[in-house]
Amino acid sequence: MPCPPLATPALLLDLDRFERNLARMAAHAHAAGVALRPHAKTHKCAEIARAQIAAGAVGLCCAKLGEAEALADAGLDGLLVTSPQVTPDAFARLIALSARAAGTRAVCDDPRIAKAMGAAAQAARAELAVLVDLDVGQGRSGCASVEDALALARRIAATPGLRLEGIQAYAGHAMHITGSAARRAELERVARRVAGLRDALTAIGLAPGIVTGGGTGSFGIDAGLGVFTELQVGSYVFMDREYDDIWTEAGESAPFEPALTLLATVTSANHPSHCTIDAGCKALATDAGLPRVIAGAPAGTRYAFFGDEQGRLIYPEGITRALAPGDRVVLQPAHCDPTVNLHDTLHAVRGGALAASWPITARGRCR
Ligand code: PLP
Ligand code: MN
């Protein structure tokens with residue numbers, strides 16, 4: 001197996017696959033007439049953000065202010081912070097970010113926060129661009145009803161210091177529904193809710209310029225629903241085992257290729273049925289279960305966590321002593337976003353050779 005001579009565990013990005021994923025999503029959005037503002041929470045990497053912009057994205061989404069600040073430091077703009085910001089300190093940082101990165105936007109789901117954010121902006125002689133956040137089923141953030149969202153939007157539009165720019169409606173609860181038909185049914189319900197808010201806003205002269213939502217599990221459906229002006233897809237650049245499963249378990253083929261892998265090394269192999277590798281839960285996020293072993297070991301080899309620093313590779317029935325210390329194996333992480341956040345560097349590889357090593361710009365920037 002050709003692989004670069006890196007200290008492991010090392011995060012690898014297969015450039016050919018990554019470029020095909022970028023191009024596929026860009027072509028899909030273009031054909032459907034929707035824009036892309038990909039979510040940078042997945043990669044936290046300025047180089048990847050620049051590649052997404054080069055492929056036609058209108059900006060980036062960021063989960064946290066710190067993530068947005070790190071990308072702004074790297075020269076990126078068009079940053080939508082998708083989590084509500086609720087403290088005076090955060091308002092001050094949003095105002096500063098808006099002043100240096102064109103197209104900075106925030107979301108809001110509470111009239112008390114709209115009031116406080118508007119007052120902070122006004123005091124700073126600034127104007128913050130705000131999307132009203134509508135909960136469409138996840139219950140994590142967003143107004144609980146279309147009526148609440150409509151009232152809040154009116155409030156934002158009437159608040160000096162704030163500028164209403166549209167709607168955010170992210171259906172996080174629907175992303176990992178297995179099988180396209182089941183996902184479509186839920187997303188059509190979501191779309192009716194979003195369209196209800198859009199039409200009500202339009203009727204009172206507050207037509208939303210931006211209606212943003214969607215993710216990797218729903219992009220193919222969202223783009224055709226006629227409500228979103230842009231998609232905030234994240235994981236498609238890398239794909240992970242968890243996302244692969246929603247297509248493959250339904251007998252469908254996944255629309256994107258696994259481009260993010262973890263290179264690991266066998267460190268001990270004194271048992272017939274398993275060996276130990278140098279990648280445990282400090283190298284692989286555990287929230288979505290187990291990574292898949294995709295190269296360097298017999299087909300059917302399974303990974304199991306073996307503490308924080310190590311992993312166990314269990315050989316398939318009938319195979320013994322397959323690997324030796326120093327052998328390299330490649331894993332597909334179960335969930336890419338939190339796995340990336342465990343690493344400082346992403347190694348870009350083409351044809352098994354190292355092409356570049358990119359810093360994970362916003363690693364750990366969760367505040
Ligand atoms: N938008 C928001 C608000 C998110 O939290 C996420 C990911 O969790 C995304 C978009 C991107 O979703 P995905 O990684 O499924 O493409
Ligand atoms: Mn994720």
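Every number for a ligand or one of its atoms is a count from 1 in the order of the listing. Below, each value reflects all heavy atoms present in this structure, side chains not excepted, and no hydrogens, waters or symmetry copies.
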Practice problem: Return the orientation label for the F256 and F219 ring planes: parallel under 30°, perpendicular over 60°, tilted otherwise. | Solution: tilted

Quiz item: Near ligand 1, which residues have a heavy atom under 4.0 Å away from one of its atoms?
Solution: H39, K41, T82, R140, Y170, G214, G215, T216, Q232, V233, G234, S235, Y243

Quiz prompt | Connected-component partners of I177 among ILVMFWY, side-chain separation under 4.5 Å | solution = none

Practice problem: Could you list all the side-chain hydrogen bond (donor to acceptor under 3.5 Å, both in side chains) pairs where at least one residue sits in residues 277-288, not counting sequence neighbours? | Solution: T8-D278, K282-E309, D287-H335

Quiz item: Linking Ile, Leu, Val, Met, Phe, Trp and Tyr by side-chain heavy atoms under 4.5 Å, what else ends up with V58?
Solution: none

Quiz item: Relative to each other, are the rings of H274 and H271 parallel, tilted or perpendicular (30° and 60° limits)?
Solution: parallel

Exercise. Could you check which N/O/S atom of D337 is closest to the Mn ion (ligand 2)?
Key: OD2

Quiz item: Can you name the one residue among R100, K64, R367 that meets side chain to side chain contact (heavy atoms under 4.5 Å, CB included) with E69?
Solution: R100

Quiz item: Any idea which heavy atoms bring L94 and A106 closest together, and the distance?
Solution: CD1-CB, 3.6 Å

Quiz item: Which atom, among the N/O/S set of H335, is closest to the Mn ion (ligand 2)?
Solution: NE2

